[in-house]
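Sequence lines set the chain letters: A, B, ... in the order given, protein chains first and strands last, and positions in each chain run from 1. The analysis underlying the following values was restricted to heavy atoms, covering all of them including side chains, and did not include hydrogens, waters or symmetry mates.
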Amino acid sequence: MKIYNTMTRKKEEFIPIEQGKVKMYVCGPTVYNYFHIGNARTFLFFDVVRRYFEFRGFEVIYVKNITDIDDRLIEQSIKENIPVSEIAKKYTEAYYEDIQALEIQKPTHQSKATEYIDEMIALIQDLENKGFAYEKNGDVYFSVEKFKDYGKLSGKKMEDLKAGARVEENLNKRNPADFTLWKKAKPDEPNWKSPWGKGRPGWHTECVVMSKKLLGETFDIHAGAVDLIFPHHENEIAQAEAISNKPLAHFWMHGGFLNISGEKMSKSLDNFFLTRDVLKKYDTEAIRFFFLSKHYRSPIDFNEDILKESVQALKNFYSVLKDVKYLPSMNENPEYTDAQIKLKKQFNEAMDDDFNTAKAIAVLFEIAKVLRSTNDLKYAHLLNELGKVLGFFSNLEEKLKSSLDDVSEELILLLIRYRSQFKKDKNWKMADAIREDLKKIGIQLKDTPEGTVWEIIK
RNA sequence: GGCGACAUCGCCAAGUGGUAAGGCAAGGGUCUGCAAAAUCCUUAUCCCCGGUUCGAAUCCGGGUGUCGCCUCCA
């Protein structure tokens with residue numbers, strides 16, 4: 001299995017630290033608002049990474065944090081005029097709701113920043129004692145000059161950083177590139193007691209503390225979206241490695257951005273889409289298909305027309321599964337034929353190559369095609385098995401069934417029987433009228449050699 | 001200003017040296033009373049210029065264009 005490592009800018013063979021185990025950490029949301037569709041892309045993709053590792057027999061320890069104390073929560077609290085803790089609670093709950101709606105599996109550890117304040121203070125003290133951090137007027141900063149590898153992930157040089165740094169209002173910093181470890185609380189702001197007075201931890205520290213506690217000093221994969229490379233991940237490396245002298249993570253994975261009409265999504269451009277709003281209009285699977293049909297490191301343009309295409313494309317899978325009358329409960333562990341094993345291998349090869357989900361989806365279409373022509377239900381099972389790795393086909397049994405109550409179904413069958421008589425009498429006018437009227441209320445009739453069947457259309 | 005990414009059919013998108021996957025859309029045929037569904041067929045030489053090579057979408061150089069990071073950001 002090969003994974004692109006941002007640290008080396010190359011695809012590298014993935015070798016877990018501990019055989020059969022993958023320890024991964026993904027930077028989660030800051031709960032100051034509902035999360036947007038760009039966040040959804042990242043969360044969704046790493047959910048697939050996790051599923052794939054498990055599919056390949058790894059035990060995955062997956063940590064995802066929730067940042068529930070941050071400047072942005074404080075700002076939002078003023079805006080909504082409710083306490084910071086309420087903001088955190090409200091948007092954490094919303095986050096869980098949206099994640100569930102996206103059919104993203106729960107990580108093995110979902111840790112919150114505020115539960116690790118003591119550990120963060122201890123870490124900052126340690127950094128101070130070792131000369132990597134300094135206190136000024138109640139704030140504590142990390143001195144980037146003291147950490148010689150600073151910039152190794154983002155490829156930035158200290159000189160460039162200095163030159164590029166904007167005029168800093170913060171005169172407490174010795175070097176403009178120094179970053180905040182501990183921030184002094186203003187009156188009325190949430191705060192915790194510390195050796196430097198009342199304040200709160202900086203964002204970059206929480207991930208270091210949580211990953212160390214839950215995964216150890218060095219783990220396999222640290223991930224997030226590209227914008228986290230600098231400064232967030234760079235700063236994590238600085239803190240963690242300054243103390244441990246060991247690499248924080250073996251692999252650094254970063255997902256590409258989601259753009260709107262070619263531009264980055266931002267509030268100032270008013271091109272902001274919340275995940276929950278998109279979910280109101282589009283099925284979660286269509287959203288998933290839309291994301292996974294492109295490689296995770298490429299930027300992707302969010303576009304409703306393409307989302308609609310995704311809906312169409314997915315119908316392919318469902319219609320063939322319906323047509324062959326597949327039931328997920330049948331054939332728990334079928335013996336695959338050579339041809340089926342070959343397709344499965346193709347799927348694995350695609351995923352092994354830095355999670356090439358676009359190629360993997362193409363294999364799914366190939367399976368659907370063969371399923372259609374052979375009617376061999378083992379292909380249906382294979383489609384289901386591999387589709388699930390990408391997070392598709394949850395509640396498949398449910399979706400393959402009609403979603404009508406018994407009476408409605410009886411009524412439709414009754415109409416079909418009348419229509420059959422009209423057809424027999426060559427009363428096309430009446431037969432067509434029934435079909436047209438049913439279509440208007442969302443029921444599509446199809447005359448097949450085996451008789452008339454119906455399905456619900458949207 | 002510094003650093004980086006990308007440019008493949010109408011649209012989306014794989015493909016990193018051996019002669020262009022797949023999906024959506026479109027057109028045509030088969031099937032059908034007509035539809036729908038299904039099925040078959042059709043549709044690109046890869047932004048431009050130059051170079052390396054027996055051979056390049058794939059490597060190198062130069063353009064052009066788009067985007068990102070350098071400040072909070074998934």
Tell me which donor-acceptor pairs under 3.5 Å the side chains of residues 424-443 of chain A have, and how far apart each pair is, sequence neighbours excluded?
{"unit_1": "A:D425", "atom_1": "OD1", "unit_2": "A:Q421", "atom_2": "NE2", "d": "3.3"}
{"unit_1": "A:N427", "atom_1": "OD1", "unit_2": "A:M430", "atom_2": "N", "d": "3.2"}

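- For A:E455 and A:K446, the salt-bridge test passes: some basic side-chain N is under 4.0 Å from an acidic carboxylate O.
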Polar atom pairs between nucleotides 57-59 of chain B and protein, under 3.5 Å, N or O only, would you list them?
none

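- Scanning for side chain to side chain donor-acceptor pair (under 3.5 Å) contacts around A:N137 gives A:N172, with sequence neighbours left out.
- In terms of the salt bridge (Lys or Arg N to Asp or Glu O under 4.0 Å) criterion, residue partners of A:D47 (sequence neighbours excluded) are, by chain and number, A:R51, A:R288.
- In this view, A:Y379 satisfies the side chain to side chain donor-acceptor pair (under 3.5 Å) rule with no residue, not counting sequence neighbours.
- With sequence neighbours left out, A:E309 forms a salt bridge (Lys or Arg N to Asp or Glu O under 4.0 Å) with no residue at all.
- A:F43 places its CZ atom 6 Å from the C1' atom of B:A74, with the value rounded to the nearest Å.
- Scored by the side chain to side chain donor-acceptor pair (under 3.5 Å) test, A:K281 finds A:E304 as partners (sequence neighbours excluded).
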- Task: Produce a footprint string for nucleotides 32-37 of chain B: one letter per nucleotide, 5' end first; B if the base is under 4.0 Å from any protein heavy atom, S if only the sugar-phosphate is, - if neither.
- Result: -BBBBS
- How would nucleotides 5-16 of chain B be written as a contact map, 5' to 3', with B for base contact, S for sugar-phosphate-only contact and - for no contact, using protein heavy atoms under 4.0 Å? ------BSSSS-
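- Rounding to whole angstrom units, CG of residue A:L364 and P of B:G23 are separated by 12 Å.
- Out of B:A74, B:C67, B:U71, the shortest distance to the side chain of A:F257 is found at B:A74.
- Protein atom CD of A:E349 is 17 Å distant from nucleotide atom P of B:G22, rounded to whole Å.
- Spacing between atom CZ of A:F302 and atom P of B:A74 amounts to 17 Å, rounded to whole angstrom units.
- Every residue two or more places apart in sequence or in another chain that forms a salt bridge (Lys or Arg N to Asp or Glu O under 4.0 Å) with A:K183 is listed here: A:D71.
- In this structure, the CZ atom of A:F46 is 10 Å from the C1' atom of B:A74, given to the nearest Å.
- Between A:K157 atom NZ and B:C3 atom C1' there is a gap of 8 Å when expressed in whole angstrom units.
- In this structure, A:K156 places its NZ atom 15 Å from P of B:G68, rounding to the nearest Å.
- Residues passing the salt bridge (Lys or Arg N to Asp or Glu O under 4.0 Å) test with A:K280, sequence neighbours excluded: A:D277.
- In this structure, A:H250 has no side chain to side chain donor-acceptor pair (under 3.5 Å) partners at least two apart in sequence or on a different chain.
- Taking the six-membered ring where tryptophan is involved, the planes of A:H254 and A:H233 are tilted, since the angle between them lies from 30° to 60°.
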